Student: 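Right, I'll just put the structure down here and ask away after.
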Number of protein chains: 2
Amino acid sequence: MDNAQLLKGILEGCVLAVIEKGETYGYEILGELEKAGLEDIGEGTLYPVLTRLDKNKLIQCRRAKSPLGPIRKYYSITAEGTEYLEDFRERYSRISKSADILLYDNSSETEENKNANS
Amino acid sequence: MDNAQLLKGILEGCVLAVIEKGETYGYEILGELEKAGLEDIGEGTLYPVLTRLDKNKLIQCRRAKSPLGPIRKYYSITAEGTEYLEDFRERYSRISKSADILLYDNSSETEENKNANS
DNA sequence: GATTGCTACTTTGTTATGTCAAGTAGCTTG
DNA sequence: CAAGCTACTTGACATAACAAAGTAGCAATC
């Protein structure tokens, strides 16, 4: 129902990770997030994230015309951003490990529970 | 560094999951969280969560004396809470799956990347 | 018997971040 | 020219974690 809180903090890292794969712009990132399963991210959610990442020097911006619409703002990751993302992955991994233990009580099995793998 | 945002929403589910395993009280829950790796959860963080869960009828409260301190408030999960937790697990699973895809680019491998196992 | 230290819960103010809603604007097509 | 897609902006709002401080019961030590 309300995934807002669950998404907090996670979104930032995900967006940064998308940009890490190569220079891209907001609208396209929105598509990437959707493809990965984050379907209800609105523009009003994403763009502030980009602004923030930019302000914090984790990504940098370049304006360029779009072949089919208004100007695009292309973002690429900075060295600082790469470093931050690395740290983020570690923090996320640690927390989700704890959550797995608490939510699925992984006492004997390790990776069994979270497999809803198609 | 600042795991506050990453924890948002997750904590609630974790606390509920601990209570699901059996009637318990705040101070003990704090210990369970710590054991699972969530080491820096303060009392000022946990207790409001319990209050909220109680107010939302996801858990219920019973006061009882402690053998070695002030009165304890024992919490147990309600039917509504069980249902909520089930839904939570599903939502969490879906989001963390998306995050895994985005953060670790699981295109061919499935569980390789997130294994920093011992 | 006062201090220290552990257990146990409360409260208040702060901050970060996602969300909604509305808006601006370029371009294409009917 | 109106509709519809692309593309970004802005402002008001809600939620939840956190730090810091406080209140209290009880036990052991000095």
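Nothing here was measured: the structure is a model prediction, and the numbers come from that model. Naming convention: chains lettered A, B, ... in sequence-line order (proteins, then strands); numbering from 1 in each chain.
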Student: Would one find more than 12 heavy atoms of other residues, nucleotides or ligands at under 6.0 Å from atom CD of E28(B)?
Tutor: yes
Student: Which part of the nucleic acid, if any, lies within reach of L11(B) when heavy atoms closer than 4.0 Å are counted: base, sugar-phosphate only, or nothing?
Tutor: sugar-phosphate
Student: Measure CD/E32(A) against P/dA7(D) and give the value in whole Å, please.
Tutor: 14 Å
Student: Without swapping roles, check the side chain of R63(B) against the backbone of I71(B) for a donor-acceptor pair under 3.5 Å.
Tutor: no
Student: Quick check: are there more than 12 heavy atoms from other residues, nucleotides or ligands sitting under 6.0 Å from CG of D40(A)?
Tutor: no
Student: Any side-chain N or O of Y27(B) less than 4.0 Å from the OP1 or OP2 oxygen of dC9(C)?
Tutor: no
Student: Using the side-chain contact (heavy atoms from CB on, under 4.5 Å) rule, pick out the option among T78(A), L58(A), I77(A) that qualifies with I19(A).
Tutor: I77(A)
Student: Atom CD1 of I41(B) and atom P of dA16(D): how far apart are they, to the nearest Å?
Tutor: 15 Å
Student: Whether R52(B) contacts dA16(D) is assessed here as follows: a side-chain N or O lying under 4.0 Å from the phosphate OP1 or OP2. Is that the case?
Tutor: yes
Student: How close or far is atom P of dT17(C) from atom CG of N3(B), stated in whole angstroms?
Tutor: 12 Å
Student: Assign K73(A) to base, sugar-phosphate, or nothing according to its heavy-atom contacts below 4.0 angstrom with the strands shown.
Tutor: sugar-phosphate
Student: Students often get this wrong, so: under 4.0 angstrom with heavy atoms, is S66(B) touching a base, only sugar-phosphate, or nothing?
Tutor: sugar-phosphate
Student: L85(B) versus L103(A): any side-chain heavy-atom pair under 4.5 Å?
Tutor: yes
Student: Quick one: E28(A) CD to dC8(D) C1', roughly how many Å, whole number?
Tutor: 15 Å
Student: Which sits closer to the 5' end of DNA chain C, G9(A) or L68(B), going by the nucleotide each is nearest to?
Tutor: L68(B)
Student: I need the NZ-P distance between K65(A) and dC27(C), as an integer number of Å.
Tutor: 7 Å
Student: Side chain of A4(B): nearest nucleotide among dC9(C), dC8(D), dA17(D)?
Tutor: dA17(D)
Student: Should the heavy atoms of other residues, nucleotides or ligands under 6.0 Å from CD of E83(B) be counted, would the total exceed 12?
Tutor: no
Student: Whole angstrom is fine here: how far is it from CZ in R72(B) over to C1' in dC9(C)?
Tutor: 12 Å
Student: Determine: side-chain N/O of T45(A) to OP1/OP2 of dG18(C), distance under 4.0 Å, yes or no.
Tutor: no
Student: Students often get this wrong, so: under 4.0 angstrom with heavy atoms, is E12(A) touching a base, only sugar-phosphate, or nothing?
Tutor: sugar-phosphate
Student: Does Y47(A) put a side-chain nitrogen or oxygen below 4.0 Å from OP1 or OP2 of dC8(D)?
Tutor: yes
Student: Counting only distance, no hydrogens or angles, is the base of dT17(C) paired donor-acceptor with the side chain of K8(B) under 3.5 Å?
Tutor: no
Student: With a non-hydrogen cut-off below 4.0 angstrom, is I71(A) in contact with a base, only sugar-phosphate, or nothing?
Tutor: sugar-phosphate
Student: Contact class for G42(A) vs. all strands (heavy atom < 4.0 Å): base, sugar-phosphate, or nothing?
Tutor: nothing
Student: Over how many whole Å does the gap from E43(A) atom CD to dT24(C) atom P extend?
Tutor: 15 Å
Student: Find the distance D54(A):CG to dT17(C):P and express it as a whole number of Å.
Tutor: 15 Å
